[in-house]
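Proteins get letters first, then strands, A, B, ... in listed order; numbering begins at 1 in each.
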There are 2 protein chains.
Amino acid sequence: MSSSACDVTRNLHGHVCVCGPILACWCKTFCDVRSTMVGIRDVAEAAGVSASTVSQVVTGKRPVAATTRARVEDAIARLDYRPHPGAAQLRGGRSGTIALVVPTLENPFYPLVAAGMQDILVPRDLLLTITDSSGPRRSDSAIRRLVSRRVDGIVAAPFGFSTETLAELRDAGVPFVTLGAAPVPGGDLVHTDDVEGAREVTAHLLSRGYRRIAFLGGDESATPTRQRLEGVRSALAAAGGDPAAAAVAFTDFTREGGRQGTRELLARDPAPDAIVAANDLMAIGAIDVAREQGLRVPDDLAVTGYDDIEAASLITPSLTTVENPAREIGRACARLLLERLDGAVENVTRTVALSHRLIIRESS
Amino acid sequence: MSSSACDVTRNLHGHVCVCGPILACWCKTFCDVRSTMVGIRDVAEAAGVSASTVSQVVTGKRPVAATTRARVEDAIARLDYRPHPGAAQLRGGRSGTIALVVPTLENPFYPLVAAGMQDILVPRDLLLTITDSSGPRRSDSAIRRLVSRRVDGIVAAPFGFSTETLAELRDAGVPFVTLGAAPVPGGDLVHTDDVEGAREVTAHLLSRGYRRIAFLGGDESATPTRQRLEGVRSALAAAGGDPAAAAVAFTDFTREGGRQGTRELLARDPAPDAIVAANDLMAIGAIDVAREQGLRVPDDLAVTGYDDIEAASLITPSLTTVENPAREIGRACARLLLERLDGAVENVTRTVALSHRLIIRESS
DNA sequence: CTGAAAGCGCTTACAG
DNA sequence: CTGAAAGCGCTTACAG
């Protein structure tokens, strides 16, 4: 806008009176009707520079003389100028928003990932938008919505995404990081070594004497399901067992999914004496069913989880699990994404593996 | 933009080749360098109408003849047109983004509120941005950031917000809904009746024979702390006790806060025989300390929580608590906000009270 | 190191 | 019911 900025008469809205000093006394009323936000031109005028220069100071995209910068910064503070994000996006191409797409907000693991991202994004003044997407269709449409909104980058736990959606993302030129999945060319990957974590927890069960170890997986197509199953099989093979003989059930990554899968596994003959669940929520469901069927955990049935959410240490018996550092994962995702946004990385697919940790508790 | 739209040569970016039909064969390479997004003018041209008309169809802000509308919608689909949100915001004044400000993402209660909001926002194609803000300063700066970003509305659990910040919000004309706090003029309020919930759980403890009932509160200034304390006192008074004599400790709404407060309360003389915690996380901390000090729950010490997060039913002993319907609360917040955005409400401060429910488990 | 000018892609009076 | 024109508030070549 272009009215003369009379900061004396600026009202609580952050608005500037357009009426000029003469009407200052009316300003409070007048501005509510005819006011307009402080714009870059108001700042330029107040600082005695051009709008371009104000823009340079705000964006930091080209050098500005120290004294000029000081005058501009002073004017910005005095007028309480806040750049209009829509205008900036339209001209500059950045929305200042990063998206996180997770399968569900009901698993406390994901909010912690979000909190970790915020640790990095807030200091950079980037907004975080979070979408929960269950089922393949909703995941695809969630991604599409975010691309339409021109978010600057996406972190996704791409369970059930179609390959096309991911490819679309890459082709749209939106930087992205996937979380705990298979590497996707063009985007970075943050994960923990799920194969190794599942191998360790299975080896632990074997060392405790359990022999009929079953695997309780989430969505069959999800990478964590597949890799954790691979880890179980690798431990069984190393112990001289037949990995193909292990009982396996696939449901979904929820407590209820865990219940269903466990009922199914316990109905097999021979019934398993240990269940390696693909996450803690499912393991909690397994313990529900064990209690329901009068099985003692860990005597009749051992149960292990994955992630180490807070509930894992609260349930009785407390849950043996593999710690997955959610907050660190969130931070790593945000850092990788920012490096892409800053243009520090091109044509590279990076992988960050964070360390997991076997936590032995009462359930095994 | 204004190049002639040749949708045959549109590439995967959703871009339109600017080179025209003659260079169609080069388009794939060419467009990556010189392409531009499909714009409203491309759609207008393809549909044989003006840009204004396309805008009316997209925004639905004025009637369009059925046949015209059909032609436009067809062109939009064919060209895969997606309005530029920055341009729309600049001209139209709406960002299409709603914000949720919560004290922490580590309490699973808040992600569930977010999920409830998504139930309402996603069908309306609104983006949800979530900010965790601990401590008064960070809360204020979080709100200020969101106002700068011109979000369309804010839902806030305003623990530790300064009154000025809330007033600033109202004065900035940003619709807002507060969650579980005191009513703020100009914004709506969604809550459950905390006084009554705390009164019920305290009456339950009294009926079980507990007499030295202490209250374990979060931030002293937070409305839930104050109202739940009021409920406890009201129950004590109704039973003929002296409400002022009840032991009270204020820490913060976390498991660790619960531990500290409980240690403090147990050190008093006489020690309490029951602790009413201001939320489940704090109650879990209280149970931690009881175990640590060799106290049996509920025999030596009863503990009750508030919210009924999933962990409440997992811990041993399972937690007596008051159910707070997080997802419903989120939905109600989003609905109220949308009604304000739609202009259906003016100069009214509405309050929605959702029903709570006493859940008696093993800890009392 | 700085400024004048063009224009990003929409929406909205205004006129018919 | 529809169109031509102006302009939202920025950023970015371009020129000095």
Here the pair of heavy atoms bringing A:Ala46 nearest to A:Arg78 is CB-NH2, 3.9 Å
In this structure, CE of A:Met117 is separated from CG of A:Leu126 (nearest 0.5 Å) by 9.5 Å
In whole angstroms, the gap separating C1' of D:dC10 from CG of B:Leu90 amounts to 7 Å
| query | Taking A:Thr349 for the side chain and A:Asp188 for the main chain, is one N or O donor matched with an acceptor at less than 3.5 Å? | reply | no
Separation of D:dT11 atom C1' from A:Arg41 atom CZ, nearest Å, is 14 Å
Roughly how many Å apart are C:dT12 and C:dG16, using the C1' atom of each and rounding to a whole number?
16 Å
When rounded to whole Å, the NE2 to P distance for the pair B:His84 and D:dC10 reads 15 Å
Extract all donor-acceptor atom pairs below 3.5 Å that involve side chains of residues 87-94 of chain B and protein atoms in other chains or at least two apart in sequence.
unit_1, atom_1, unit_2, atom_2, d
B:Arg94, NH2, B:Leu341, O, 2.8

note: B:Gln89, atom CD; C:dC8, atom C1'; distance rounded to Å ~ 14 Å
Report task. Kindly say if B:Lys61 contacts the phosphate of C:dT11, meaning a side-chain N or O under 4.0 Å from OP1 or OP2. Result -> no
Protein heavy-atom contacts under 4.0 Å, written 5' to 3' over nucleotides 1-7 of chain D as B (base), S (sugar-phosphate only) or - (none), form the string SBBBBBB
In whole angstroms, the gap separating C1' of C:dT11 from CZ of B:Arg94 amounts to 13 Å
> Quick one: do the B:Ser52 and B:Ser55 side chains pair a donor with an acceptor below 3.5 Å?
Replying inline: no
Testing D:dT11, C:dC8, C:dT11 for proximity to the side chain of A:Thr59, the answer is D:dT11
Is a salt bridge present between A:Asp140 and A:Arg144, judged by a nitrogen-to-oxygen distance below 4.0 Å?
no
In whole angstroms, the gap separating P of D:dT12 from CD1 of A:Ile40 amounts to 11 Å
For D:dA15, the nucleotide meeting Watson-Crick or G-U wobble distances (both under 3.5 Å) is C:dT2
